[in-house]
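Taking it in order: structure first as structure tokens, then the write-up.
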Amino acid sequence: MDKVYNANTIEDKWYQLWEKAGYFTPKIDKDKKALPAGRQAFSILLPLPNANDPMHMGHALFTIQDIMIRYHRMLGDPTLWLPGADHAGIETQFVFEKHLAKQGKSRFDFDRSTLYKLIWEFVEKNRAINRDQLKKLGFSLDWTRYHYSLEPEIVEKVMETFKKLHQDGLIYRGERIVNFCTKCGTAFSDLEIEYVERKDPLYYIKYGPFILATTRPETKFGDTAVAFHPGDKRYMKYLGQEIEIRGVNGPFKVKVVADEAIDPKFGTGIEKVTPGHDAMDFEIGQRHNLPIKKVINLNGRLNELAGKFAGMKVAEGRKAVFAAMEVLGLIDHVDENYLHNVATCYRCHTTIEPMVIPQWFIKMKPLAKAAIDAVKTGRTKIVPKKRFEKMYFDWLKNIRDWNISRQIVWGPRIPVWYCLNCNGEIKINFINKQSERINDTYRHLKDKYTFEEINAGLQSMMADKEASYQLSDGKCLKCHGTNILQETDTFDTWFLSGQWPLTTLGADFQYFYPTSVLDTLWDILFFWVAKMMILGLYVTGEVPFKVIHLHARVVDKFGQKMSKSKGNVIDPLEITQKYGADALRFALVMGVAPASDICLSEEKIVGMRNFTNKLWNIGRFIRMNMDAYKEQNISLTDFKNIKNTLKTEDKKISKYLDKLTKDVTKSIDNYHFGRAAEDLYTFIWHTLADKHLELVKDRLKNMDKKALVTLIHIYTTSLKLLHPFMPFITEEINQQINLWDSTPLIISPWPEN
RNA sequence: GGACCCGUAGCUCAGCGGUAGAGCGUUCGGCUUACAUCCGAAAGGUCAGAGGUUCGAGACCUCUCGGGUCCACCA
């Protein structure tokens, strides 16, 4: 054995060997006859990384899955770890737009299909890189089953689910208030917005007979009511009246309503209701049948309802309206230090504009029940239970309908068509010629239209007739006309990835579904895990996985989140090159309690690299002693034959090993990987190397065969136990020491316990 | 406004009701059939605080104080 362990060359060598030999591909025995008693197939779907994502520590944490996978493979279970990549709709388009911006361009410079093609090419470049990076870390993924969320077969299945949902009446196209980012030009689900605390002026304005507090005077043009709490006696006498309000564009009328949602202690206890531009107001509006007036366009500017303020952006509109009101004496006073939470786009941090736009929704309430029950009855277990089960239940219980339509290019378009014959002429309002967003679906209809125009057109169409969208391509189902137009919205990425367990298993679906474990960071419990549960149960009636194992994020040694701006990011590839993948893998796992933050520092990784060095040197020491026998042509017997005639210290270490085997097995079974790693570390370094090895040095010198055979047995067994954690170095050493068995560790049987 | 998690050695963290642990750091001493990426030893803790349950609590319960996270339509 070489004096120094060279991680880089050895790691690459072994990965290629394993992959070439096909060890990552499960041996499927359809009848499960070849399975050891009580065993079953074991499968994990890799949480699909974004295809355009360079590797970060989050990906390195896939180590946890590799540990489970390698462990089960050694147990003899047909084991599948399925890799893939996500097109990641808005994420990717956002990254690509930043890339465009560097070249002084924007998405508006391209028509839809060109833009799509450009993003496609952009992603393809990174997708291959991503795969190689995962290999560097030793992940034993079955690359023959790699999937990408935009593969035709996958998209097709996703569409089928949409169709099924539609047929079951669980899909609707609704004019509902949604979170709209005027910069990204798309709506977002409730999960995709971030609340930021901000200090803004709170204007106390004179409003007919009332004084009321608002942060948004510019939406005044969309007011259709004022509301107060039903228990509030101060305003009771106005209930039901139509009141004339003096405004900056002349007088207008609003209704007075009472609604539970109003907090009588806030401001003056009365609120102006703007159903078109505020989520709470929208709901008040629904309850009281208030008309919706839209005053802000999708480009974030006030429209013609704002009169002379039309064309202004929201922020300047606010100032201008305030100034005009002050002139008219409509301002009572202003609280300049009002602190509140403002919704922002999680991607670009632009303030979210609540808007009423037709969007596609899935009715979640009826679907959520099955997902709740599945966990309640234990068909799916959440680990750690204590911490995350409640979170899961709470979210599902209060679930709201899921907006699955995004106004972006990057992703499969929603498979519905509008018939222009049946629905009549589409009305086009020219709103903003400047920011023309060309849409290819409309190009065959003579002209180019803007994004706003299309939505305006669709909206008026929806208003004119009953929703008459269809799921058929080619011809109108009613009039058989071919003048049809596909929905321009694309699916929310999570609608596709939420079906990952349904779309990727192919011919082996029956064999591997439900999958065994889903391991992921808890931050996508709602985005992804819950969606898979819901859609998996809906389509198949069976849960998509038996266990949801949630781990925490990687933070730096001070417990701080890693971020570029803080400069505390540890790059897994750099580290791997420096210290080896095994060291990084072990550092990520060792001593970490379930679901607690993983503090990672270069010092810790160095410590684990030192452990690989220790491991290597024990090997060298043993090999050196073995070679002495080889020269004398004496074979070393099997440990089993001398087991009953051992000396005290050999018996002792042998006992310790049995305990270690039991403990490690139990810990892995219970998802206590940190514990297992710690036990292995302590045993190998302190028990085996520091104590036992020193103890038997004299005996080895005197060619005590039992001492050596015992040592070899203890060591090679430890290598097996350690293999799921540190696959490379254990495999290499095993090959150099274990001369009696040429089976690579990756498929060696797990030590009996 | 709801809920959750965490306060253990200088730092980062394990700890499974039964004599307080690891890594790094610190101090002292060591090139010994592998390893100085090492070996041997040592210092360092009222386990945040206060009550309670128990023969026994760092672990279980209640409250207080500190730190963090998630959810929620605060005009």
Side-chain angles (χ1 to χ4, degrees), chain A residues 1 3-5 177 179 190-191 193 195 197 200 202-203 212-216 219 226-227 261-263 265-274 277-284 338-343 354 384 386-391 393-395 397-398 400 522-523 525-526 552-553 555-561 579 583 587 590-625 627-628 663 666-667 670 672 674-675 677-679 681-682 685-686 689-690 693-694 696-698 700-701:
Chain A
M1 286 169 80
K3 186 161 165 55
V4 181
Y5 172 66
I177 194 134
N179 311 297
D190 294 328
L191 288 171
I193 56 172
Y195 283 93
E197 189 170 69
D200 280 312
L202 181 63
Y203 306 95
L212 56 78
T214 181
T215 51
R216 304 202 61 183
T219 61
V226 288
I262 305 297
D263 175 6
K265 288 192 283 288
F266 185 91
T268 55
I270 193 150
E271 189 217 1
K272 71 187 194 68
V273 182
T274 321
H277 295 287
D278 182 276
M280 186 173 89
D281 290 3
F282 179 82
E283 281 174 21
I284 293 176
Y338 175 60
L339 269 180
H340 64 153
N341 287 330
V342 180
K386 196 174 147 198
R387 195 151 158 199
F388 296 107
E389 246 189 20
K390 205 176 144 33
M391 232 166 108
F393 288 139
D394 286 352
W395 189 74
K397 263 182 226 154
N398 301 315
R400 305 174 69 199
W522 49 258
D523 68 344
L525 182 62
F526 305 141
R553 57 190 185 164
V555 294
D556 75 2
K557 62 177 164 181
F558 304 110
Q560 297 285 311
K561 196 176 167 180
Y579 304 110
M590 158 111 160
V592 173
S596 68
D597 279 356
I598 300 161
C599 284
L600 188 69
S601 58
E602 189 150 345
E603 290 95 309
K604 187 171 180 186
I605 299 162
V606 168
M608 298 309 124
R609 189 275 318 265
N610 294 351
F611 178 54
T612 62
N613 178 253
K614 175 55 79 176
L615 196 67
W616 183 253
N617 277 292
I618 301 169
R620 286 183 61 208
F621 178 77
I622 292 176
R623 185 60 210 249
M624 196 180 81
N625 282 284
D627 289 345
D663 288 349
K666 198 176 149 200
S667 290
N670 293 321
H672 293 160
R675 190 64 174 279
E678 218 173 327
D679 288 346
Y681 180 96
T682 308
W685 199 319
H686 302 302
D690 291 348
L693 202 140
E694 292 301 327
V696 296
K697 269 186 179 170
D698 281 341
L700 292 172
K701 218 183 275 180

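Just so it is clear: chains get the letters A, B, ... in the order the sequence lines come, proteins before strands, and each one is counted from 1.
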message: By the 4.0 Å heavy-atom rule, please label A:Leu212 as base, sugar-phosphate, or nothing.
response: nothing

- request: Could you check whether the rings of A:Tyr681 and A:Phe611 sit parallel, tilted or perpendicular, using 30° and 60° as the cut-offs?
  value: tilted

- prompt: Under 4.0 Å between a side-chain N or O of A:Lys3 and OP1 or OP2 of B:C35?
  reply: yes

message: The side chain of A:Tyr195 is closest to which nucleotide in this list: B:C73, B:C35, B:C70?
response: B:C73

- prompt: Starting at the 5' end of RNA chain B and moving along, which residue's nearest nucleotide shows up first, A:Met624 or A:Thr215?
  reply: A:Met624

- prompt: What is the distance, rounded to the nearest whole Å, between atom CG of A:Leu191 and atom P of B:C71?
  reply: 8 Å

message: Of the listed nucleotides (B:U33, B:C73, B:G15), which one gets closest to any side-chain atom of A:Asn625?
response: B:U33

query: Picking from B:U33, B:C38, B:C70, which would you name as closest to the side chain of A:Leu700?
result: B:U33

- request: Would you check, one step at a time, whether the test salt bridge (Lys or Arg N to Asp or Glu O under 4.0 Å) holds for A:Arg553 with A:Asp597?
  value: CA-CA 6 Å; A:Arg553 57 190 185 164; A:Asp597 279 356; 3.4 Å; yes

query: Counting just side-chain N and O atoms, does A:His686 come under 4.0 Å of either OP1 or OP2 of B:G23?
result: yes

query: Mind checking who B:U37 pairs with, Watson-Crick or G-U wobble, both distances under 3.5 Å?
result: none

message: Categorize A:Gly267 for me: base, sugar-phosphate, or nothing, with a 4.0 angstrom heavy-atom threshold over every strand shown.
response: nothing

- prompt: Side chains of A:Glu197 and A:His340: closer than 4.5 Å at any heavy-atom pair?
  reply: no

task: Give one of base, sugar-phosphate or nothing for A:Ile177, where a contact means two heavy atoms less than 4.0 Å apart.
output: nothing

message: Taking the minimum atom-to-atom distance to the side chain of A:Asp690, which one of B:G40, B:A34, B:U12 wins?
response: B:G40

query: Using a cut-off of 4.0 Å on non-hydrogen atoms, how would the nucleic acid contact of A:Lys697 be classed: base, sugar-phosphate, or nothing?
result: base

- request: Indicate, yes or no, whether a donor-acceptor pair under 3.5 Å links the base of B:C4 to the side chain of A:Lys390.
  value: no

- request: Quickly work out the A:Phe621 CZ to B:U33 P distance and round it to whole Å.
  value: 9 Å

- prompt: Is A:Asp394 close to A:Met391 at the side-chain level, that is, under 4.5 Å between some pair of heavy atoms?
  reply: no

field: Minimum-distance nucleotide (side-chain atoms of A:Ile618 versus B:C70, B:A34, B:C74)
entry: B:A34

message: Counting the atoms with a prime plus P, OP1 and OP2 as sugar-phosphate, which does A:Ile262 contact under 4.0 Å by heavy atoms, base, sugar-phosphate, or nothing?
response: base

message: So if I take every side-chain heavy atom of A:Tyr338 and compare against B:C74, B:C35, B:A14, which nucleotide ends up nearest?
response: B:C74

query: What's the OH-C1' distance between A:Tyr681 and B:A14, to the nearest Å?
result: 13 Å

- request: Check the distance between B:C71's P and A:Asn398's CG and give it to me in whole angstrom.
  value: 13 Å

field: For B:G21, the Watson-Crick or wobble counterpart (both distances under 3.5 Å)
entry: B:C13

task: Using a 4.0 Å heavy-atom cut-off across all strands, classify A:Trp522 as base, sugar-phosphate, or nothing.
output: sugar-phosphate

- prompt: Between A:Trp685 and B:C39, is there a side-chain N or O to OP1/OP2 distance below 4.0 Å?
  reply: yes

Separation of B:G68 C1' from A:Met391 CE (nearest whole Å): 14 Å

task: Kindly indicate whether the side chain of A:Tyr195, heavy atoms from C-beta on, has any atom under 4.5 Å from the side chain of A:Val342.
output: no

message: Please determine whether salt bridge (Lys or Arg N to Asp or Glu O under 4.0 Å) holds for the pair A:Glu271 and A:Arg216, giving the CA-CA distance in whole Å, both sets of side-chain angles, and the decisive distance to 0.1 Å.
response: CA-CA 11 Å; A:Glu271 189 217 1; A:Arg216 304 202 61 183; over 6 Å; no

- prompt: Counting side-chain heavy atoms from CB outward, which of B:C74, B:C35, B:A3 is closest to A:Asn613?
  reply: B:C35

- request: Let me know the distance between OH of A:Tyr579 and P of B:C24, rounded to the nearest Å.
  value: 14 Å

message: Whole angstroms only, please: what is the NZ-P distance between A:Lys604 and B:G23?
response: 12 Å

Phosphate-side-chain proximity, A:Ser596 and B:C6, N/O vs OP1/OP2 below 4.0 Å: no

query: Within the structure shown, what part of the strands sits under 4.0 Å from A:Arg400 by heavy-atom distance: base, sugar-phosphate, or nothing?
result: sugar-phosphate

statement: All heavy atoms of A:Ile270 vs all of A:Leu212, minimum pair found to be O-CB, 3.4 Å

- line: Of B:A14, B:C38, B:C73, the nucleotide closest to the side chain of A:Glu283 is B:C73

field: Nucleotide nearest A:Asn617 (side chain, heavy atoms from C-beta), chosen from B:U69, B:G15, B:A34
entry: B:A34

task: Counting heavy atoms from C-beta on, name the nucleotide in B:C70, B:A3, B:U37 closest to the side chain of A:Val4.
output: B:U37

task: Using atom CZ of A:Arg620 as one end and atom P of B:U37 as the other, report the distance to the nearest whole Å.
output: 14 Å

